[in-house]
Amino acid sequence: MQKVKIESQLNPNYNFNNFVEGDSNRLARSAGMAVANKPGGTSFNPLLIYGGVGLGKTHIAHAIGVDIKDKYPDKTVLYISSEKFTQQFIDSVKSNTRNDFIHFYQMIDVLIIDDVQFLSGKTGTQDVFFHIFNHLHQNGKQVILTSDKAPVDMQDIEQRLLSRFKWGLSAELQAPDYETRISILQNKLFRDGVEMPEDIVEYIAKNIKSNVRELEGVIISMIAQASFNRREYTLELARQIVDKFVKNTKKEVSIDYIQKVVSKYFDMDVATLQSKTRKRHIVQARQLAMFFAKRMTKSSLASIGSQIGHRDHATVLHACKTVDNLTETDKQFRKYVDDLTKKLTF
Ligand code: ADP
Ligand code: MG
C-alpha cells in the first residue's frame, strides 16, 4: 500500500524527559518506553494506560508517540482522541466514505487513541474500531489506548472489544505519592526557571494529592500572581491559591486551639491574649488569633469575638483588615502569619 504523509498530531511538550518517574507511574512509564523502543514488537499490544483524571495518561500517550517518531521517523504515528475518532467516523458515514475512513486507519503503524471510555454506548464506532484494531494487530502494528477505568470496569463497551483490550498490557497510573509530587513540582519550577522556597513547595505537595494537573495549576497561578500582581512567593499566597483548587478540605480547627497556638508562639498565656490590655504585641497576637479564627473556622465574626476575650464583631472585622494590611506591608508581621499558618495547617 502506498504511504501517504499523515500528521501525527503529537505534542512534543509531552515527552518522557519531562515525565517524572515515581512508584505511582513506573509500570506505565516503563511499558510506554518499551513500546516506543519496539512498536508492535512487544507483548504490550495493545498497551492500555488507565487511571484517574490529571494523572498523566495523555502525557504518556504523546510521549510514546514522540519517542517513536524520534527513533523511527518513517513510521506513521497518529494520536487521536476517541471523541474525534467518533466524529470522523460519523462524518464518513454521512458522506458515504466509510471505506476510506477504514483504509486510512489501517495504514497507520502506531495508533494512539486517548480516552476510549468515551466509546461507551457508541456501537457503530466500536464496531468499526474493532475491525481496524484487528487489522492493525494482525499486521504487527502498535495500538496504544488510554482510559479512565480498567477494562473490567468499562461499561457499554462490546465484549469482543473489551477482550481485545485485555490482550496486551493494562498499566495503571496511580496518584503520585508525596516524594513524587515534590519532584513534579520541582521539575516544573526548574523548567520555568522559577525559584520558590522549599516550605512553599512542601505546602503545595502536602495539600494537593490526587491530580497532577492541579499541582501544576497552583504553580502557574503562583507565577501569574507574582509577575502580574507583583506578589512575592509566600506561604500565604500559596495557601490562598491551594484553597481555590481543593474545596472543603480545610481542616476545621477550634478557636480554642488557635488561641493556644498563637499564645504559645508569642510566649504568652491565653488569658493574656484575651486580656483588655492595649500593649501592642498583645493586641497583635489577639488580632492574629481573630484573623486565623475567621479563616480557619466557620464561626461568625460575633462568635469569634465572644470567644476571644468577649469582643464584638466589629473588632474582629477590624482585626482581620489590620492583619491583611500588615501582611502586605510589614515583613516581620508577614513572618508571623507564615509561621502560624504552618503551625496551624501542617
Ligand atoms: P490525564 O490525561 O490523565 O487526565 P494529563 O496527561 O493531561 O492527565 O496530565 C495532566 C498534567 O499533569 C499534564 O500537564 C502533564 O504534563 C502533567 N503530569 C502528569 N503526570 C506527570 C509526571 N509524572 N511528571 C510530569 N508531569 C506530569
Ligand atoms: Mg487526558
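We count ligands from 1, going down the list as the structure has it; atoms in each ligand are counted the same way. What you are looking at is a predicted structure, and each value in this text was computed from that prediction instead of being measured.
- Sorted by first and then second residue, the pairs that involve residues 264-273 and meet side chain to side chain donor-acceptor pair (under 3.5 Å), not counting sequence neighbours, are Tyr265-Asp339, Asp269-Thr272.
- Looking at Lys84 and Asp91, no side-chain N of the basic residue comes within less than 4.0 Å of a carboxylate O on the acidic one, giving no salt bridge.
- Judged by distance alone, the side chains of Glu83 and Gln87 never bring a donor and an acceptor atom under 3.5 Å apart.
- Of the N and O atoms on the side chains of Ser81 and Asp115, not one donor lies less than 3.5 Å from an acceptor on the other residue.
- For an aromatic pair to be called close, the ring centres must be under 6.0 Å apart, and Phe101 with Tyr105 satisfies this.
- Protein N/O/S atoms closer to the Mg ion (ligand 2) than 2.8 Å number 1 in this structure.
- In the hydrophobic clustering of this structure, Val128 groups with Ile157; members are Ile, Leu, Val, Met, Phe, Trp, Tyr whose side-chain heavy atoms approach within less than 4.5 Å, directly or through other members.
- Residues with a heavy atom under 4.0 Å from ligand 1: Tyr14, Asn18, Phe19, Val20, Asn25, Gly52, Val53, Gly54, Leu55, Gly56, Lys57, Thr58, His59, Ile184, Val212, Arg213, Glu216.
- Using a 30° and 60° split on the angle between ring planes, Trp167 and Phe133 fall in the tilted class, from 30° to 60°.
- Other residues, nucleotides and ligands contribute at most 12 non-hydrogen atoms within 6.0 Å of the NZ atom of Lys279.
- For Tyr50, there are no ring-ring contact (aromatic ring centres under 6.0 Å, His included) partners at least two apart in sequence or on another chain.
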